[in-house]
Amino acid sequence: MLQAAQSAADFIRGPAVPDYPLKRLSPRVSMVWTPDGFPTPENRGMMANISFIETSAGVVVVDTGASVQIGEMAIRRLRSFSSKPVVALINTHFHGDHFLGNQAFVDAFGKALPIYAHPFSREYISGAAGNMWRSMMERWTNGATAGTELVVPTHNAVHGQELQFGDTVLRVHHYGVAHTPGDICVEVVQDKVVMVGDVAMNRRIANMDEGSYLGSLKTMAELTRNTQAKLWVPGHGDASATLLAEQSELFEGIYRPCEQAVKAGQDEAAAKARVLADPRVMKHAKHTQGWDSNIGKYISLAYLEAEKEAF
């Protein structure tokens with residue numbers, strides 16, 4: 001009976017995820033990098049970066065991927081350069097591509113492994129949304145993530161909090177609603193590197209359904225002002241020293257024309273024409289993933305936010 005149950009579990013478990021490139025970003029920080037920005041059956045849900053911070057006390061992992069299989073792949077990549085144990089996980093927000101790999105790390109390093117997230121994200125993941133994300137990811141990947149179990153964050157991470165791991169200080173930043181209401185950005189103080197989650201993406205725009213353009217612009221400005229970062233690490237796309245400046249420029253190019261259209265009493269169609277003609281948008285559109293299929297939605301959300309702000 002036990003053997004039959006194990007065979008059934010193996011049958012419904014999705015396939016292993018092949019190893020993805022590992023990039024060294026600073027003395028302490030490495031990243032498992034993916035070029036994809038959206039989940040597909042082909043990439044098996046591997047669409048978000050996973051970061052390792054190697055400290056004298058062990059390794060801290062920022063975001064764990066979209067499945068147990070992705071988490072297991074990340075552990076293999078970690079073992080290619082470090083034998084230290086994982087001592088903590090940090091989930092930057094409550095979207096499934098950033099927390100559904102938690103299971104692999106808890107299985108490997110123990111159920112007592114602390115998992116940090118913003119209180120809003122913790123509550124959201126522990127509710128119906130956590131399993132909703134698990135189900136959606138399985139559907140989007142045609143079952144490749146099957147077998148993933150929901151493992152919710154266990155510890156709060158709030159603005160200004162400093163987490164000390166041996167020789168390394170991680171400072172938490174949260175400036176209100178940005179990509180979501182519960183985004184946290186993680187500053188590796190000694191290396192002047194900041195993991196920004198999905199507050200900013202390289203050559204992609206974050207889904208803004210639960211977010212705010214003005215809040216994102218505020219968060220990026222505050223991060224620039226309140227850190228000495230030399231490198232920004234996004235949840236999607238390559239790390240870059242100019243990431244926040246570029247994403248801020250694009251967000252300004254989308255939001256401000258909508259704001260102007262609202263002030264002029266123009267409808268959303270007029271706002272769209274303004275946005276598409278904006279030189280800041282024209283500059284970034286050609287190399288932004290999913291631009292043609294998503295720009296209409298990006299503009300609609302910006303227009304609705306501008307209307308709300310003007311009310």
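Not measured: the values here are computed from a predicted model.
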Handout entry: Salt bridge flag under 4.0 Å for residues Lys308 and Glu305
Key = no
Practice task
Determine yes or no for a side-chain-to-main-chain donor-acceptor pair under 3.5 angstrom, with Ser26 supplying the side chain and Val29 the backbone.
Solution key: yes
Problem - Co-members of the apolar cluster containing Val169 [side chain, <4.5 Å] - result: Val189
Handout entry: Neighbour count >12 (heavy atoms, 6.0 Å) for atom CG, Asn226
Key = yes
Handout entry: Flag if over 12 foreign heavy atoms under 6.0 Å of CD, Gln190
Key = yes
Practice task
Could you tell me the separation between the CG atom of Leu89 and the OG1 atom of Thr154, rounded to the nearest 0.5 Å?
Solution key: 8.5 Å
Problem - Side-chain donor-acceptor pair present, Glu138, Thr148, cut-off under 3.5 Å - result: no
Exercise for the section: Check the angle between the aromatic planes of His236 and His98 and answer parallel, tilted or perpendicular using the 30° and 60° thresholds. Expected result: perpendicular
Practice task
Would you check if the side chain of His159 reaches a backbone N or O of His174 as a donor-acceptor pair within less than 3.5 Å?
Solution key: yes
Practice task
Return yes if a side-chain donor-acceptor contact under 3.5 Å exists between His284 and Glu246, otherwise no.
Solution key: no
Problem - Distance (rounded to the nearest 0.5 Å) between Asp198 CG and Arg204 CZ - result: 6.5 Å
Exercise for the section: Flag this pair as yes if the NZ/CZ of Arg24 is under 6.0 angstrom from the six-membered ring centre of Phe81 and inside a 45 degree cone about the axis; otherwise no. Expected result: yes
Practice task
Examine distances only and state if a side-chain atom of Thr141 and a backbone atom of Met137 form a donor-acceptor pair shorter than 3.5 Å.
Solution key: yes
Exercise for the section: Flag yes if more than 12 heavy atoms outside Glu162 fall under 6.0 Å of its CD atom; otherwise flag no. Expected result: yes
Practice task
Would you confirm whether Tyr213, through its side chain, and Tyr298, through its main-chain N or O, come within 3.5 Å as a donor-acceptor pair?
Solution key: yes
Practice task
May I ask you to decide if the ring planes of Phe120 and Tyr124 are parallel, tilted or perpendicular, using 30° and 60° as cut-offs?
Solution key: parallel
Practice task
Report whether Leu301 and Ile254 are members of the same hydrophobic cluster (ILVMFWY, side-chain heavy atoms less than 4.5 Å apart, transitive linking).
Solution key: yes
Practice task
Kindly say whether Ser67 contributes a backbone atom to a donor-acceptor pair with the side chain of Thr145 at under 3.5 angstrom?
Solution key: no
Problem - Met282 CE: over 12 foreign heavy atoms closer than 6.0 Å - result: no
Practice task
If the plane angle is over 60° it's perpendicular, under 30° parallel, otherwise tilted; pick one for Trp140 and Trp133.
Solution key: perpendicular
Practice task
Flag the pair His93 / His179 as yes when their ring centroid distance falls below 6.0 Å, and as no otherwise.
Solution key: yes
Problem - Asp238 vs Lys23, salt bridge (charged side-chain N to carboxylate O under 4.0 Å, His left out): CA-CA, chis, key distance, verdict - result: CA-CA 10 Å; Asp238 264 333; Lys23 296 189 175 187; 2.6 Å; yes
Problem - Side-chain donor or acceptor of Asp191 paired with backbone N/O of Arg28 under 3.5 Å - result: yes
Practice task
Would you check if the side chain of Asn43 reaches a backbone N or O of Pro39 as a donor-acceptor pair within less than 3.5 Å?
Solution key: no
Problem - Pairs meeting criterion ring-ring contact (aromatic ring centres under 6.0 Å, His included) with involvement of residues 14-46, two or more places apart - result: none
Handout entry: Heavy-atom donor-acceptor pair, Asn49 side chain to Pro234 backbone, under 3.5 Å
Key = yes
Exercise for the section: Measure from the side-chain N and O atoms of Thr288 to the backbone N and O of Trp291, and report whether any donor-acceptor pair falls under 3.5 Å. Expected result: no
Practice task
Indicate yes or no for a side-chain donor-acceptor contact from Ser300 to the backbone of Lys297 under 3.5 Å, with no hydrogens or angles considered.
Solution key: no
Handout entry: Arg13/Glu72 ion pair, N-O < 4.0 Å
Key = yes
